[in-house]
Q: 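Below is a structure I'd like to ask you about.
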Amino acid sequence: MAPQSRPSARFRPSDVVDFVIVGSGAAGGIIAKELSTAGHTVVVLEQGPRLSERQFDHDEFGTFMRGHNINDPATQPHTFRATPQQTAQRRQVLVYGRLVGGSNAHFTGNFWRMRPSDFNEASRLGGVRGTGLVDWPITYEELEPYYTKAEWELGVSGEPGPFDPPRSRPYPMPPLPVKSSGVLFERGARALGLHPQPSQMAINSRTYNGRPACQHCGFCLIFMCEFRAKSTSMAVMLPLAEATGRCEVRPDSYVAQVEVGSDGRATGVTYFDTQKRMQRQRARAVVLCANGSETPRLLLNSASARFPQGLANSSGVVGKYLMFNTYFEVNAQFEQPLNEYKSVQNTRMVLDFYETDPKRGFYGGGGIDARFGKYPITFALEGLPRDAPTWGEGFARELARQFPRSMAFGCHGTSLPLETNSITLDPALKDAWGLPCIRTTYTDHPDDLKNASFLAGHATDIAHAAGALKVWSAPVIAQTLAVHLLGTCRMGNDPRTSVIDRYHRTHDVRNLFICDGSSMVSSSRGQPTETISALAFRAGEHIADFAKRGEI
Amino acid sequence: MEWGPASAGPRYSSNVTDFHARRAFLKAAVAAGAAWATADLLEVEDALAFASQQTSANLAVPTRALTPAQAEVVSALTSRILPAVDGRPGAVQAGALYFIDRALATFNAAQRAVYMEGIADLNRRAQAKVAGAAGFAALPPGQQDEVIREIEATPFFQAARLDTIVGTFALPSWGGNRDYMGWHLLGLEHQMTFQAPFGYYDADVNRRN
């Protein structure tokens, strides 16, 4: 139930609000809720439109191939190169949600905590030579209360697994009903001595805080939930923020720059409205939650005489250490129908390979889950094995037979932070608003690909042990498509090597804060959303405290 | 021009029935005390009502980018790429042609020349194969397949294959997938709500729970 106790606030751009937040996704929505409920006035600027549940659809072609509700390569092109020596070419590499709610609105719902080991892996392993792997400036113990807060305030279904980190409260909801893929996965994993566990999902398994349980329609991955059963910023946090009467969510507002006064303090942001007119929202403090690609771009586009390398970039680290996570699938066909097109993507997973094990000879770890991963068009294009017919009667028969009988084993892995993997401004290309576009430079570290192959090997074993009739996978190669955009404004204690401090305040600008995937120091094991959410709850609380104490 | 969803067509009534069937199903589920039915029924019905609007399908309409003769060739080609087999519909029944045509008239206009040349090439090859043949569309299916095998590696065939797949499986609002026939041929029931058990392998455990 949207708690609309009061009408949402409306501010004029000339009003000096307490906070302007750029981005309305996982982090922006949570921080908006935390700051507005603490009594502050807040404007959330979102570049995309505001859609209601009635406007959601299950349009695979529109979403995957025509840029609906995602960053549109026609108006927001970007370029890609594997290494800094190459000239970047126009190519769609980064994909994020472009609507009120951000990527969080269309995410699959996987909600994993990181473990204590994620926060101090560098010192425990003695570093990884040639990489930027360092410890986080905070510990798991410091973040744990906020993981718990995220799970309870948003609504998460699951139960702890055998390797889970300590938790102060159980999950608020039991796991979602297991699917056939989960049953098979569990069978295969157990036969191999592994420890399958229910997937932990930010999707309601029962009515929770007035929102209904999952209806199992099957369109979670990259689609928004018509039922508000997915526990997102859009469904949960933004309505709470607006209900305070102190928060305005302003859609169709494309932020161009963070403005800084002569005293070096942020004074607000400039943005383009729907008519592409430049507007200026004034604020006492600015919080960037625009994702791991747009946040560094905004800082770099905000360069000035005072901040020639880009705003908050005295370290030169803004945009660097970009991490995608690795994702590869192993495919399998079974004798009987699974009907994986129904319900949530995944219901079982193993985290036995989570930790880095030096005996493997490479850095990294991850998780494997049981999922479908495809919709009708993608299944017809790439759901059959390489030796299947690609047209004709055989093709038609195989599609009809295998669509209900297919599943995938999703392998989610680490990415090492590398200084050369980065978001920079393309020197030539401008977007439809005349702003310099993103140039992505990215090559997976060899260990990332070794780890991905290692996980895919185990996924293949699980598939065989589960009794699959046929098992196959595409080769593990360097990734050129990313939905996890992490690490580009990393957190740290040293202003020379990081962008934000342990409380998400930029080292260089006292009233400028950053919280989103860019804050992450290491990559997580492939599911960063709960960590981003926990960081946002923690950041929101600290920023509100700073404001109360006059320390902004 | 922006490609918008098709307006509700004359077949809308059949989907209204479909919607009522699902609504009845929901009500029955509430009566049966299904766990998920604790959801606010009005909200669920709102979403279902919206979903039913999306099922409006397009019946045969005049083609815009293709001439009737060209449309016949493309239709024949789609019928061989994804034929109707074993009593299931194929690309023709799903109306993939109408997706292809409308795409060529709008956002896929850049590929018009590829299609025009590809269609002419199919007709030439058909006539070379069977003296006096009217064109590709007039050949029996076996000979159409022989012609296709000659052009399998061409950009035209690759485009036609992709577009046939999209036209069969994209939402009906894009012009094809009439009455969700493409989804039916995959065994995908188009519903906004399902209940466990979902498949063969989870039947036992979900019936126990």
Side-chain angles (χ1 to χ4, degrees), chain A residues 1 53-62 65-66 177-184 187 204-207 210-218 226-229 334-343 347 375-381 390-393 395-397 399-401 403-405, chain B residues 3 5 35-40 43-44 46-51 54 80-86 88 90-91 99 107 145 148 152 157 161-162 164-166 168-171 173-174 177 182-183 185-206 209:
Chain A
M1 222 60 24
E53 278 78 11
R54 283 175 181 74
Q55 292 168 291
F56 300 168
D57 58 32
H58 297 168
D59 186 354
E60 182 187 11
F61 181 64
M65 299 173 190
R66 302 289 303 155
V178 69
K179 295 172 59 169
S180 281
S181 59
V183 172
L184 292 165
R187 186 184 295 169
N204 291 349
S205 59
R206 57 172 173 76
T207 302
R211 289 180 299 110
C214 172
Q215 304 295 304
H216 310 296
C217 80
E226 286 88 345
F227 300 102
R228 286 191 283 121
F334 289 85
E335 176 67 28
Q336 300 291 338
L338 288 69
N339 300 326
E340 285 303 298
Y341 67 88
K342 299 178 185 178
S343 196
T347 58
Y375 293 110
I377 298 170
T378 33
F379 185 82
L381 291 174
T390 55
W391 62 275
E393 271 121 19
F395 180 52
R397 282 205 177 90
L399 286 182
R401 173 157 185 87
F403 183 82
R405 291 173 173 78
Chain B
W3 186 263
W36 55 266
T38 53
D40 185 327
E43 291 180 23
V44 174
D46 275 356
L48 288 179
F50 172 67
Q54 298 191 356
R80 298 316 302 152
I81 290 171
L82 194 49
V85 290
D86 307 335
R88 284 185 296 267
F99 165 79
F107 62 84
D145 287 358
I148 291 173
E152 244 182 304
F157 182 78
R161 177 178 177 271
L162 172 66
T164 299
I165 287 170
V166 174
T168 303
F169 299 116
L171 281 190
S173 55
W174 290 98
N177 194 7
W183 290 15
L185 83 84
L186 293 175
L188 193 167
E189 301 167 59
H190 182 230
Q191 292 181 191
M192 287 297 286
T193 64
F194 290 104
Q195 268 183 291
F198 307 113
Y200 175 87
Y201 299 98
D202 64 295
D204 284 350
V205 60
N206 278 320
N209 291 343

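The figures that follow rest on heavy atoms only: side chains count, while hydrogens, waters and symmetry mates do not. A, B, ... follow the sequence lines: proteins, then strands. Residue 1 opens every chain.
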Q: Who among A:G62, A:A380, A:S180 has the most heavy-atom pairs with chain B under 4.5 Å?
A: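 Most heavy-atom pairs within the cutoff with chain B belong to A:S180.
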Q: Name the region of A:S181, side chain, backbone, both or neither, that has any atom closer than 4.5 Å to a heavy atom of chain B.
A: neither
Q: Find the distance between CG (B:D145) and CD1 (B:I81) and round it off to the nearest 0.5 Å.
A: 10.5 Å
Q: Specify which of A:S343, A:G182, A:A229, A:G218 makes the most heavy-atom pairs with chain B at under 4.5 Å.
A: A:S343
Q: Under 4.5 Å from any heavy atom of chain A, what part of B:R161 do you find: side chain, backbone, both or neither?
A: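 Answer is side chain: those atoms of B:R161 sit under 4.5 Å from chain A.
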Q: Donor-acceptor check, side chain of A:E393 to backbone of B:V85, threshold 3.5 angstrom: yes or no?
A: no
Q: For A:F379 and B:F169, I'd like to know if the aromatic rings sit close, meaning centre-to-centre distance below 6.0 Å.
A: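 No; B:F169 has its ring centre 6.0 Å or more from that of A:F379.
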Q: In terms of ring plane angle, is the pair B:F107 and B:F99 parallel, tilted or perpendicular, where the classes change at 30° and 60°?
A: tilted
Q: Shorter than 4.5 Å, heavy atoms on both sides: which option in A:L338, A:N204, A:T347 has the most such pairs with chain B?
A: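 With the most close heavy-atom pairs to chain B, the winner is A:L338.
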Q: side-chain hydrogen bond (donor to acceptor under 3.5 Å, both in side chains) with A:R405: which residues, sequence neighbours excluded?
A: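 side-chain hydrogen bond (donor to acceptor under 3.5 Å, both in side chains) list for A:R405, sorted by chain: empty.
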Q: Say you draw a straight line from CZ of B:F194 to CD of B:E189; how long is it, rounded to the nearest 0.5 Å?
A: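 Reported value, rounded in 0.5 Å steps: 5.0 Å.
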Q: Under 4.5 Å heavy-atom distance to chain B, tell me which part of A:E335 shows up: side chain, backbone, both or neither.
A: both
Q: Among B:L185, B:L162, B:I148, which residue has the highest count of heavy-atom pairs closer than 4.5 Å to chain A?
A: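 The residue among B:L185, B:L162, B:I148 with the greatest pair count is B:I148.
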Q: Report yes or no: does A:R228 contribute a side-chain atom to a donor-acceptor pair with the main-chain N or O of A:R211 at less than 3.5 Å?
A: no
Q: Find the one option among B:A170, B:P197, B:A91 whose heavy-atom pairs under 4.5 Å with chain A are most numerous.
A: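 Most pairs with chain A among the choices: B:A170.
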Q: Side chain, backbone, both or neither: which part of A:F334 has an atom under 4.5 Å from a heavy atom of chain B?
A: both
Q: Below 4.5 Å from any heavy atom of chain B, which atoms of A:R187 appear? Answer side chain, backbone, both or neither.
A: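 Interface part for A:R187: side chain.
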Q: Any ion pair linking A:K179 and B:D202 (charged N to carboxylate O, less than 4.0 Å)?
A: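 Result for this pair is no, no salt bridge flagged.
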Q: Is it the side chain or the backbone of A:L184 that comes within 4.5 Å of chain B heavy atoms, both, or neither?
A: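 Answer is side chain: those atoms of A:L184 sit under 4.5 Å from chain B.
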